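Everything numeric here is computed off the predicted structure, so don't read it as measured data.
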Amino acid sequence: MQKKLHIKKGDTVAVIAGESKGQKGRVLKVDRVKSKALVEGINMVSKHTKPNAKAPQGGIVKKEGPIHISNLMVIDPATGKPTRVGRKLNDKNKLVRYAKKSGEEIK
């Protein structure tokens with residue numbers, strides 16, 4: 001069984017620890033098995049590529065590297081600051097995520 005995580009694809013997150021601390025970005029992909037996420041513009045790594053159809057010249061390409069989920073916090077939609085995430089049943093009896101600081105639902 002895979003872990004339930006507080007971060008989903010499409011969320012805006014802030015990095016709270018590590019080399020990219022303080023930066024914000026959008027989650028592109030989440031790996032629930034390894035508990036890692038790819039965040040747009042965060043943890044850029046250099047990848048050496050051979051010439052191919054996509055990159056006929058080859059060379060060094062910058063791309064996002066995975067960052068551990070524990071180093072990320074969801075941005076509160078109301079205040080724009082990092083917040084913890086909770087789960088609760090809404091009025092339609094559906095489980096939704098909400099920001100602990102403002103109480104606002106996270107879409």
Test of understanding: with salt bridge (Lys or Arg N to Asp or Glu O under 4.0 Å), list the residues that count as partners of K92, not counting sequence neighbours.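 With sequence neighbours excluded, K92 shows a salt bridge (Lys or Arg N to Asp or Glu O under 4.0 Å) to no residue whatsoever.
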Kindly indicate, with the supporting measurements, whether the criterion side chain to side chain contact (heavy atoms under 4.5 Å, CB included) is fulfilled by H6 and I69. CA-CA 8 Å; H6 64 281; I69 294 286; 3.3 Å; yes
Starting from the C-alpha separation in whole Å, work towards a yes-or-no answer on side chain to side chain contact (heavy atoms under 4.5 Å, CB included) for V45 and K63. CA-CA 6 Å; V45 293; K63 61 184 281 186; 4.3 Å; yes
Interatomic spacing from [atom1] in [X] to [atom2] in [Y] - rounded to 0.5 Å:
{"X": "Q23", "Y": "I67", "atom1": "CD", "atom2": "CD1", "value": "8.5 Å"}
{"X": "I106", "Y": "D76", "atom1": "CD1", "atom2": "CG", "value": "7.0 Å"}
{"X": "L72", "Y": "S20", "atom1": "CG", "atom2": "OG", "value": "9.5 Å"}
{"X": "I42", "Y": "K21", "atom1": "CD1", "atom2": "NZ", "value": "14.0 Å"}
{"X": "R97", "Y": "I7", "atom1": "CZ", "atom2": "CD1", "value": "8.5 Å"}

Quick one: closest heavy-atom pair of [X] and [Y], and the distance?
{"X": "A17", "Y": "N71", "result": "CB-OD1, 3.6 Å"}
{"X": "S46", "Y": "I60", "result": "CB-CG2, 3.6 Å"}
{"X": "A78", "Y": "E104", "result": "CB-OE1, 3.1 Å"}

The criterion is side chain to side chain donor-acceptor pair (under 3.5 Å); which residues satisfy it with E40, sequence neighbours excluded?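 E40 satisfies side chain to side chain donor-acceptor pair (under 3.5 Å) with R26 only.
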Not counting sequence neighbours, which residues clear side chain to side chain donor-acceptor pair (under 3.5 Å) with R84? List them please.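 If we apply the side chain to side chain donor-acceptor pair (under 3.5 Å) test to R84, skipping adjacent residues, there are no hits.
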Is it true that, when you exclude E19 itself, more than 12 heavy atoms of the residues, nucleotides or ligands shown sit nearer than 6.0 Å to its CD?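 Incorrect, the count does not exceed 12.
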Counting neighbours of NZ on K101 that are heavy atoms of other residues, nucleotides or ligands and sit closer than 6.0 Å, is the number greater than 12?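 Yes, the 6.0 Å shell around NZ holds more than 12 heavy atoms from other groups.
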Are any non-hydrogen side-chain atoms of [X] and [Y] less than 4.5 angstrom apart?
{"X": "V39", "Y": "L28", "answer": "no"}
{"X": "Q57", "Y": "P51", "answer": "no"}
{"X": "K8", "Y": "V74", "answer": "no"}
{"X": "V13", "Y": "K24", "answer": "no"}

Out of curiosity, does [Y] fall in the hydrophobic cluster containing [X] (side-chain heavy atoms, cut-off under 4.5 Å, transitive links)?
{"X": "Y98", "Y": "M73", "answer": "no"}
{"X": "I16", "Y": "L38", "answer": "no"}
{"X": "M44", "Y": "V61", "answer": "no"}

For the backbone of G59 and the side chain of T49, can you confirm whether one donor and one acceptor N or O come within less than 3.5 Å of each other?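 Yes, T49 side chain to G59 backbone: donor-acceptor pair under 3.5 Å.
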Closer than 3.5 angstrom, by distance alone: can the side chain of N43 be matched with the main-chain N or O of P66 as a donor-acceptor pair?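 Yes: the side chain of N43 pairs with the backbone of P66.
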